[in-house]
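Throughout, numbering of the chain's residues begins at 1 and tracks the sequence. Start at 1 and go down the list; that is how both ligands and their atoms are numbered. All values reported here derive from a predicted model rather than from experimental measurement.
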Amino acid sequence: MPQIAGPSALVIFGVTGDLSRRKLMPAVYDLANRGLLPPSFALVGFARREWSHEDFAATVKEAVKENCRTGFREEMWNRLAKGIRFVEGSFEDDAAFDTLNETLTALDHERGTDGNYAFYLAIPPKAFPTVLNQLRRTDMAEPTGPDSWRRVVIEKPFGHDLESAKELNALVNSVFPEESVFRIDHYLGKETVQNILALRFANQLFEPVWNAQSIDHVQITMAEDIGLGGRAGYYDGIGAARDVIQNHLLQLLALVAMEEPISFSSHQLQTEKIKVLSSVRNIEPIPENSARGQYGPGWQGSEEVVGLLDEGFSPTSTTETFAAIAVEVDTRRWAGVPFYLRTGKRLGRRVTEIALVFKRAPHLPFDDSMTQELGQNALVIRIQPDEGVTLRFGSKVPGTSMEVRDVNMDFSYGEAFTVSSPEAYERLLLDVLLGEPSLFPVNEEVELSWQILDPVLDQWASSGKPEKYEAGTWGPKSADQMMARTGRAWRRP
Ligand code: BG6
């Protein structure tokens, strides 16, 4: 049976933002609707709006109706709405934080939230220090007794390089102890990402081939078809590598490459992930083993779309919307196996997948003409959409001659299971309220990830503007070249 959260209040800073509206508010409602929140749950919004509690509740309701996944039920909503509060103020406003403190204390009495509060920072990183200092000043970061807890949830980007991440970690840890810090990497909340562990460690089938003896290389792709329209403010100066490779893709790499943890406790999982991330090295020289691009106008299917520079980005912006890097994992299991990571906006289609591409058979007892259509075997973990796993291998084409061609064997979540997967944010919010840290990267993972990415970012910072690529394609030419140099090619998912 899934565990139900205990009495608690969730305070969201940044309730007027896109993330709150699209993900957080619906996730709170869906958790309640699935019966996973207690009757004594409260949701508190904090923002610079002249809103009453009712105005805020109406905003949440609208967001829930638009984006919830479990179906809107008025009766469920009314129950949740009783615990919704709003506090008006800016992050610099001491009085507003005092009011927040009073509001939370009042909720302890009115709703029975028992002094258990999670503070969700869905705000621009530059505001983190101000809010953290306010929480410290008002003692809101301090549990009131041995049975109550205070937690902080931090959205990425967690720093913009190793140095700034260290500073931020030091600040966060000066207010909240590490075990009370929940850094969100929403990819870890995805069912298919958690399935990597099930696939690898619950089966006998894959382990014998999960190594450098069998695997030629690994490709991890997170491609999006959407552009940045409207998100220029957040994205400019950050770019694809910081936005996605530093967190989502390196976490996927860690799960694919790690050794079996001795148990599934969060500490053991983190220990294994940290070991992998510590052994990741960039393949040198970096300029030839990385690629970055910026999308120009093009076609997304039958829709004509504009380029980045027509979407509010400065013409001198060097922000990349496509990034690819090549790394190795310096361990006995993976020695010599390149891991290629790529991500981009306005690519051919929306797909996230991990492909383990196998070495060719050492000997083929066929004529070349019989195996012209035979590629390399591959195991593809389809993270989204069309969640599942594909095994690609050669098979004889029916007929009187011997001709071998690639075929796919598929497992599809949609067909194998009748229950649908919960949204990543639902799972993660619930885990925050339960104090279950397994799916949250710890400070060391974040710092190691920057350590991997920093040399690439430094290299790019000194080499001018990213290469252009046409919207709707698979990125800049340099991305193909970086693979072609070793006789490899990106998959076209
Ligand atoms: C976020 C990035 O972390 O992930 C966004 O900041 C990106 O730029 C988003 O669009 C994609 O998430 P998903 O779950 O749709 O793959």
With heavy atoms of His248 as the reference, note each atom of ligand 1 found under 4.0 Å away. 1 (C), 3 (O), 4 (O)

Looking at atom 4 (O) of ligand 1, what's its closest protein heavy atom, distance included? His186 CE1, 3.3 Å

Heavy atom of the protein closest to atom 15 (O) of ligand 1 (residue, atom name, distance): Arg350 NH2, 3.5 Å

Would you mind telling me if ligand 1 is within reach of the side chain of Glu155, the backbone, both or neither, using heavy atoms under 4.0 Å? neither

Would you indicate whether Glu311, at its atom CD, is surrounded by more than 12 heavy atoms from other residues, nucleotides or ligands within a distance under 6.0 Å? yes

Where ligand 1 meets Met222 - atom numbers and elements under 4.0 angstrom, heavy-atom basis: 11 (C), 16 (O)

Tell me, yes or no, whether the heavy-atom count around Glu62 atom CD, taken from other residues, nucleotides or ligands under 6.0 Å, exceeds 12. no

Closest to atom 14 (O) of ligand 1 by heavy-atom distance, out of Lys23, Gln384, Lys190, is Lys190

In terms of side-chain geometry, is the basic nitrogen of Arg382 or Glu353 positioned less than 4.0 Å from the acidic oxygen of its partner? no

Closest non-hydrogen protein atom to atom 6 (O) of ligand 1, residue and atom name please, with distance? Asp243 OD1, 2.6 Å

Using 30° and 60° as the class limits, which term best fits the ring planes of Trp334 and Phe339: parallel, tilted or perpendicular? perpendicular

By number and element, which atoms of ligand 1 are closer than 4.0 Å to a non-hydrogen atom of Glu224? 7 (C), 10 (O), 11 (C)

Within a distance under 4.0 Å of any heavy atom of Lys345, pick out the atoms of ligand 1 and give their elements. 5 (C), 7 (C), 8 (O), 10 (O)

When you compare ligand 1 with Tyr235, is there at least one nitrogen or oxygen pair between them that comes in under 3.5 angstrom? no

Within a radius of less than 6.0 Å around NZ of Lys465, do more than 12 heavy atoms belonging to other residues, nucleotides or ligands occur? yes

Atoms of ligand 1 under 4.0 Å from any heavy atom of Tyr187, numbered from 1 in the order shown, are 13 (P), 14 (O), 16 (O)

Using 30° and 60° as the class boundaries, would you call the ring planes of Phe417 and Tyr413 parallel, tilted or perpendicular? tilted

Strictly below 4.0 Å, N to O, side chains only: are Arg183 and Glu178 in salt-bridge contact? yes

Is the ring pair Phe97/Phe13 parallel, tilted or perpendicular, if the boundaries are 30 and 60 degrees? parallel

